[in-house]
Amino acid sequence: MEKIIDESKQGESLVLDKKEGNTRKLFIESYGCQMNFSDSEIVASILTEQGYNTTQSLEEADLVLVNTCSIRDKAEQTVRKRLEKYNAVKQELNPNMKVGVLGCMAERLKSKFLEEEKIVDLVVGPDAYKDLPNLLAEVEDGRDAINVILSKEETYGDISPVRLNSNGVTAFVSITRGCDNMCTFCVVPFTRGRERSRDPQSIIEEINGLWDNGYKEVTLLGQNVDSYLWYGGGLKKDFDKASDMQKATSVNFAMLLDMCAKAQPKMRFRFSTSNPQDFTLDVIETMAKHRNICNYIHLPVQSGSNRILKAMNRLHTREEYFELIDNIKRLIPDCAISQDMIAGFPTETEEDHQDTLSLMEYVKYDFGFMFAYSERPGTLAERKMEDDIPEDVKKRRLNEIIALQQKHSLLHTQAHVGKVEEVLVEKPSKRSDSHWSARNTQNTVVVFPKENYKVGDFVNVKITDCTSATLIGEAVGYSENN
């Protein structure tokens with residue numbers, strides 16, 4: 001729930017330029033959050049060196065991989081259906097095809113997929129992608145292959161990801177892996193392991209490489225980016241055992257953000273996802289200091305009720321969250337803020353639900369990602385709490401949250417009308433071939449006529465109209481950032 005699920009990208013099959021001499025074909029499909037899509041780029045990079053080129057034709061693939069997500073039941077059901085489809089193709093058209101499961105479902109369902117249902121040949125957890133060549137050799141020898149061991153060190157900082165299905169303008173750069181927070185509704189700590197951060201120098205090198213290849217915007221990515229802490233390697237929880245020198249030369253998230261902004265002053269930077277308990281004042285101050293750090297924060301809250309926050313093991317209160325919001329609005333007045341919200345968590349009362357609505361009224365989020373509670377196997381909530389809120393009550397509460405969010409979203413987009421705003425052109429508009437789709441610093445989509453502008457241009461656009469989700473305008477010229 002902590003991670004943004006882009007529904008438009010679910011099940012995308014990834015394709016990249018062919019490497020000369022590679023003869024085998026890889027079909028790789030991704031589900032879930034941005035971290036999963038980023039991990040697929042790492043996997044493609046590793047397999048390119050093993051003789052694989054990607055294909056979008058399932059029927060001709062030598063190796064089919066699905067990168068999985070355990071965050072919602074719907075994602076698991078979708079992956080299961082896809083595995084059935086792969087196996088039907090394997091049996092009817094391509095008996096030599098190998099099928100593998102990557103990512104977050106791997107650990108929990110390894111024995112079910114491999115031994116009971118026999119629907120896959122290999123299972124690879126999120127920290128074991130470098131072991132893929134060995135695992136594929138096992139499969140070639142006729143054995144099932146599995147590696148779901150979670151690492152204390154692996155960050156893939158030494159692998160330059162292949163950019164898959166990229167617009168050549170925006171890219172994700174992973175800075176942390178794993179999570180220590182143990183929210184009771186979330187399976188991530190069990191599927192991705194403990195939190196560790198990537199060497200800042202490797203991050204800056206990747207960003208510089210992206211700039212050299214024409215990229216204009218980077219999103220720093222992690223399950224919990226704010227708790228980034230580099231002190232020479234190792235788990236964040238072991239920082240108190242670090243030497244005095246390691247502590248003195250450590251790099252936290254605010255410092256990393258500052259380094260990125262200075263390394264490429266013409267590049268825009270975003271980050272996701274944040275956790276309120278780790279979002280410190282120095283991060284807000286760093287954002288306010290640099291024009292090229294976008295004025296947008298995704299700040300999941302999950303509930304407005306202190307009682308429910310405690311049951312979720314969210315280590316912040318409603319009041320602390322308000323203080324954080326006040327600091328953001330004081331230092332960055334035009335900062336957009338978005339939320340994750342869960343309706344119908346176990347034991348949630350009508351009063352708890354009203355607390356959530358009143359919190360939303362206080363913050364007035366620009367947009368949000370809202371879900372009815374779905375019990376996930378392996379989480380603390382599944383083991384210790386009864387999923388006791390009736391589905392019709394969950395649905396009604398969710399609809400009330402969505403309606404209020406739509407009201408606030410429209411208020412925010414209306415406030416942009418009449419202003420001239422800098423946007424980065426990303427791609428053609430879905431609705432009109434004659435318009436571009438771009439985003440402003442607040443992460444709002446802006447649509448305007450193409451004229452002579454092109455993807456990757458920074459353009460000043462006068463906003464003339466809006467919906468609750470999109471700004472509509474006309475270009476008035478290039479911005480000074482080009």
Side-chain angles (χ1 to χ4, degrees), residues 4 6 170 217 219 268-272 274 276 279 283-285 287-301 304 321-341 356-370 400-426 429-432 435-449 453 457-481:
I4 302 173
D6 183 345
T170 61
E217 181 182 293
T219 300
R268 288 206 309 198
F269 290 94
R270 304 183 187 276
F271 52 89
S272 185
S274 296
F279 202 106
V283 174
I284 307 169
E285 289 167 343
M287 291 178 70
K289 189 169 77 174
H290 293 286
R291 183 180 177 274
N292 60 331
I293 301 176
C294 291
N295 292 346
Y296 167 61
I297 300 169
H298 182 59
L299 199 59
V301 64
Y321 190 84
F322 284 161
E323 184 182 349
L324 181 52
I325 295 295
D326 291 344
N327 283 330
I328 293 167
K329 292 186 174 180
R330 175 173 57 84
L331 291 169
I332 317 170
D334 63 342
C335 189
I337 304 169
S338 60
Q339 46 85 350
D340 283 358
M341 205 73 77
T356 292
L357 296 178
S358 70
L359 178 138
M360 291 178 69
E361 285 286 11
Y362 185 91
V363 180
K364 292 187 170 59
Y365 295 99
D366 291 69
F367 42 96
F369 303 87
M370 299 149 283
E400 288 176 11
I401 289 169
I402 291 170
L404 185 57
Q405 183 55 61
Q406 286 174 335
K407 174 185 155 189
H408 292 158
S409 294
L410 183 59
L411 284 174
H412 281 291
T413 53
Q414 287 171 338
H416 290 268
V417 174
K419 295 180 179 177
V420 175
E421 301 187 347
E422 182 188 78
V423 303
L424 174 60
V425 180
E426 293 186 358
S429 166
K430 282 182 184 173
R431 296 193 175 177
S432 166
H435 285 70
W436 288 123
S437 174
R439 277 186 303 160
N440 63 9
T441 184
Q442 287 92 357
N443 206 35
T444 307
V445 172
V446 180
V447 174
F448 67 97
Y453 301 104
D457 284 344
F458 285 100
V459 182
N460 287 326
V461 173
K462 182 166 186 182
I463 309 302
T464 57
D465 200 0
C466 69
T467 68
S468 64
T470 307
L471 300 174
I472 300 150
E474 296 171 356
V476 295
Y478 292 100
S479 85
E480 63 184 34
N481 206 36

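No hydrogens, no waters, no symmetry mates; every other heavy atom, side chains included, goes into these values. In this text, all values refer to a predicted model and were calculated from it rather than measured experimentally.
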How many angstroms lie between [atom1] in [X] and [atom2] in [Y], if you round to the nearest 0.5 Å?
| X | Y | atom1 | atom2 | answer |
| --- | --- | --- | --- | --- |
| R439 | T170 | CZ | OG1 | 6.0 Å |
| Y365 | S409 | OH | OG | 12.0 Å |
| D334 | N440 | CG | CG | 9.5 Å |
| Q406 | M370 | CD | CE | 7.0 Å |
| N460 | E422 | CG | CD | 6.5 Å |
| L359 | L404 | CG | CG | 10.5 Å |

Requested in this report: May I have the step-by-step check of side chain to side chain donor-acceptor pair (under 3.5 Å) for E421 and Q442, ending in yes or no?
Outcome: CA-CA 10 Å; E421 301 187 347; Q442 287 92 357; 5.5 Å; no
Query raised in the report: Could you walk me through whether Q405 and I402 pass the side chain to side chain contact (heavy atoms under 4.5 Å, CB included) check?
Result: CA-CA 5 Å; Q405 183 55 61; I402 291 170; 5.6 Å; no
Query raised in the report: Would you call the rings of H298 and F369 parallel, tilted or perpendicular, where under 30° means parallel and over 60° means perpendicular?
Result: perpendicular
Please report the closest heavy-atom contact between [X] and [Y], naming both atoms and the distance.
| X | Y | value |
| --- | --- | --- |
| V459 | Y453 | CG2-CD2, 3.7 Å |
| I293 | M287 | CG2-CG, 3.8 Å |
| P300 | S274 | CD-O, 3.1 Å |

**Report entry** Greater than 12 external heavy atoms within 6.0 Å of E361's CD
**Finding:** yes
Query raised in the report: Counting only heavy atoms not in R330, do more than 12 sit closer than 6.0 Å to its CZ atom?
Result: yes
With a 3.5 Å cut-off and sequence neighbours excluded, list the donor-acceptor pairs that the side chains of residues 465-474 form with protein atoms.
from: T467; atom 1: OG1; to: A469; atom 2: N; distance (Å): 3.2
from: T467; atom 1: OG1; to: T470; atom 2: N; distance (Å): 3.0

Report task. Under the side chain to side chain contact (heavy atoms under 4.5 Å, CB included) rule, what do V301 and M341 come out as? Steps first, then yes or no, please. Result -> CA-CA 6 Å; V301 64; M341 205 73 77; 3.5 Å; yes
Are any side-chain N or O atoms of [X] and backbone N or O atoms of [Y], one a donor and one an acceptor, separated by less than 3.5 Å?
| X | Y | result |
| --- | --- | --- |
| T356 | G304 | yes |
| K329 | V363 | yes |
| D366 | I337 | yes |

Query raised in the report: F367 and N443: side chain to side chain contact (heavy atoms under 4.5 Å, CB included), yes or no, with the steps?
Result: CA-CA 10 Å; F367 42 96; N443 206 35; 3.7 Å; yes
Query - C335 and its side chain to side chain contact (heavy atoms under 4.5 Å, CB included) partner, picked from I284, T441, I328 - result: I328
Query - Donor-acceptor side-chain pairing of Y296 and S338 below 3.5 angstrom - result: yes
Query raised in the report: Are the ring centres of H290 and F269 closer than 6.0 Å?
Result: no
Requested in this report: Could you check if a side-chain atom of H412 sits within less than 4.5 angstrom of a side-chain atom of T444, using non-hydrogen atoms only?
Outcome: no
Query raised in the report: Got L299 and I325 here, is their nearest side-chain heavy-atom distance under 4.5 Å?
Result: yes
Requested in this report: Please test F448 against T464 for side chain to side chain contact (heavy atoms under 4.5 Å, CB included), starting from the C-alpha separation and ending with a verdict.
Outcome: CA-CA 10 Å; F448 67 97; T464 57; over 6 Å; no
